[in-house]
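Following: one structure in C-alpha cells, then a few remarks.
No experiment lies behind these values; they were computed from the predicted model shown.
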Amino acid sequence: MDGRMDLTNAEMALLSLLAENPLHGYQIESLIEARGMRNWAEIGFSSIYYALNKMEKSGLVESRIQPEEGRPARRVYSLTEVGWQALTSAEYQRLSQPRPYSADFSLALACLPLLPVEKQIEALSERVRSLQTQEQAIQEKWQQDQPGMPAHVNHLFAYSLAQLHAERDWAQGFLNQLQSTSAAQAEEHSQETLK
C-alpha cells in the first residue's frame, strides 16, 4: 500500500483528525460534532469504528489500549507513516483538482422536463428553503464554536457557507425564472380561452 491510495471522504476526515493527535473513538466523535464535519463528510457515528478498523487492517492507523483509572480501558488510534502518506497525497489531490460536489442535482436538472412546471417550482422552492436552513444552521454552529477553533476549520466553515449561499442564490434565480415563465404561459393560455 502506498501514499497514492484512494481514500473515501470519511476515511480522509478521520485520518485528518488523527494527524492532529492520537484519539479514541469518543474524542473523534466529539471533534466531528464540534467542527460540523457531518455537513460535508458522510460519516455517521456507527461508521467511525468501522472505518477505523478497516484503516487499521490496511495499515493506515494503529491502535493501542490505554488504561484509565476508574474507567474501562480505551482503544486509542494514531496515524501510521503509510496513513500520513495516504492522507497528504489525498489532501494534495483534493486541494489541487476540482471535483463535482455531487452528481445528484446535475442529474435532476438533466431530467427536469419529466416534471410538470408546477412540480419543478415546488421542488425548487423546497430546495431554496432547505439551503436557507442549512446555511443558518452552519452559521449558528460556527458562531457558537468559533472561539479557539483552528484557522483551517474557520476557513472550512466560511467555504461551506459561501457554497451554500451561491447555490441558494442560483436556485432562487432559476426558481424566479420558472415562476415568471409559468405566469406568462398561464396569462397567454387565459387570453387564448377568452377569444
Side-chain angles (χ1 to χ4, degrees), residues 1-108 110 130-131 134-135 137-138 141-142 144-164 166-167:
M1 185 162 312
D2 64 22
R4 293 184 308 261
M5 70 174 292
D6 288 329
L7 296 176
T8 66
N9 287 345
E11 290 168 340
M12 187 172 170
L14 291 172
L15 290 176
S16 73
L17 294 174
L18 294 175
E20 295 176 20
N21 289 301
L23 301 165
H24 58 73
Y26 181 75
Q27 290 171 314
I28 293 170
E29 166 62 21
S30 297
L31 284 171
I32 288 170
E33 191 62 36
R35 294 182 183 182
M37 293 172 82
R38 287 202 172 88
N39 292 316
W40 50 266
E42 296 169 355
I43 184 161
F45 180 75
S46 61
S47 63
I48 293 172
Y49 290 100
Y50 172 79
L52 288 170
N53 289 332
K54 179 182 164 198
M55 290 189 298
E56 187 169 23
K57 287 177 186 169
S58 300
L60 299 172
V61 301
E62 58 190 10
S63 68
R64 63 179 166 74
I65 301 298
Q66 178 180 324
E68 291 191 26
E69 195 172 312
R71 302 181 115 178
R74 294 185 175 194
R75 184 172 296 275
V76 175
Y77 295 87
S78 57
L79 201 57
T80 64
E81 183 59 35
V82 172
W84 175 257
Q85 290 171 5
L87 176 61
T88 55
S89 175
E91 164 65 10
Y92 186 86
Q93 182 185 32
R94 282 171 169 85
L95 196 58
S96 64
Q97 300 299 315
R99 298 190 322 184
Y101 185 69
S102 169
D104 294 354
F105 188 64
S106 296
L107 182 58
S130 177
L131 289 166
Q134 289 177 36
E135 194 175 350
I138 290 173
K141 180 75 174 156
W142 188 22
Q144 172 189 345
D145 295 338
Q146 195 170 14
M149 196 171 281
H152 70 282
V153 176
N154 280 318
H155 290 293
L156 179 61
F157 273 97
Y159 177 70
S160 295
L161 285 171
Q163 280 187 311
L164 284 169
E167 184 176 350

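Crowding of H152 atom NE2: a count of heavy atoms from other residues, nucleotides or ligands under 6.0 Å exceeding 12.
Under the rule for a salt bridge (charged side-chain N to carboxylate O under 4.0 Å, His left out), the partners of R38 that lie at least two apart in sequence or sit in another chain are E29, E33. Listed by chain and number, the residues in a side chain to side chain contact (heavy atoms under 4.5 Å, CB included) with E56 are N53, V61, S63, Y77 (sequence neighbours excluded).
The minimum heavy-atom distance between K141 and G36, with the atom names listed, is CE-N, 4.4 Å. A pairwise comparison of heavy atoms in A73 and I65 identifies CB-CG2, 3.5 Å as the closest pair. Here the closest non-hydrogen pair linking I138 and S160 is CD1-CB, 4.4 Å. The shortest non-hydrogen separation linking L18 to L23 is CD2-N, 3.8 Å. Heavy atoms only, all atoms of each residue included: L14 and A51 are closest at CD1-CB, 3.4 Å. Minimum heavy-atom separation, W84 to A19: CZ3-CB, 3.9 Å.
A heavy-atom distance below 4.5 Å is found between the side chains of N9 and R94. Under the 4.5 Å side-chain criterion, counting only non-hydrogen atoms from C-beta, Y49 is not in contact with R75. In this structure the side chain of E167 never reaches within 4.5 angstrom of the side chain of E135, judged on heavy atoms. Side-chain contact between L156 and R35: absent, with no pair of heavy atoms (C-beta onward) separated by less than 4.5 Å. Within the 4.5 Å cutoff, no side-chain heavy atoms of T88 are placed close to those of Y92.
With T80 contributing its side chain and E62 its backbone, the two residues share no donor-acceptor pair below 3.5 Å. Without hydrogens or angle criteria, S47 side chain to I43 main chain gives no donor-acceptor distance under 3.5 Å.
Here the straight-line distance linking atom CE of M55 with atom CD of E11 works out to 6.0 Å at 0.5 Å rounding. To the nearest 0.5 Å, atoms OH (Y159) and CD (Q163) are separated by 3.5 Å. Atoms CG and CD, from L79 and Q85 in turn, are 10.0 Å apart once rounded to the nearest 0.5 Å. Once rounded to the nearest 0.5 Å, the distance linking OG of S30 with CD of Q27 reads 7.5 Å. Distance check: R64 CZ to S78 OG gives 7.0 Å after rounding to the nearest 0.5 Å.
Among pairs with a residue in residues 152-164, none fulfils salt bridge (charged side-chain N to carboxylate O under 4.0 Å, His left out), at least two apart in sequence or across chains.
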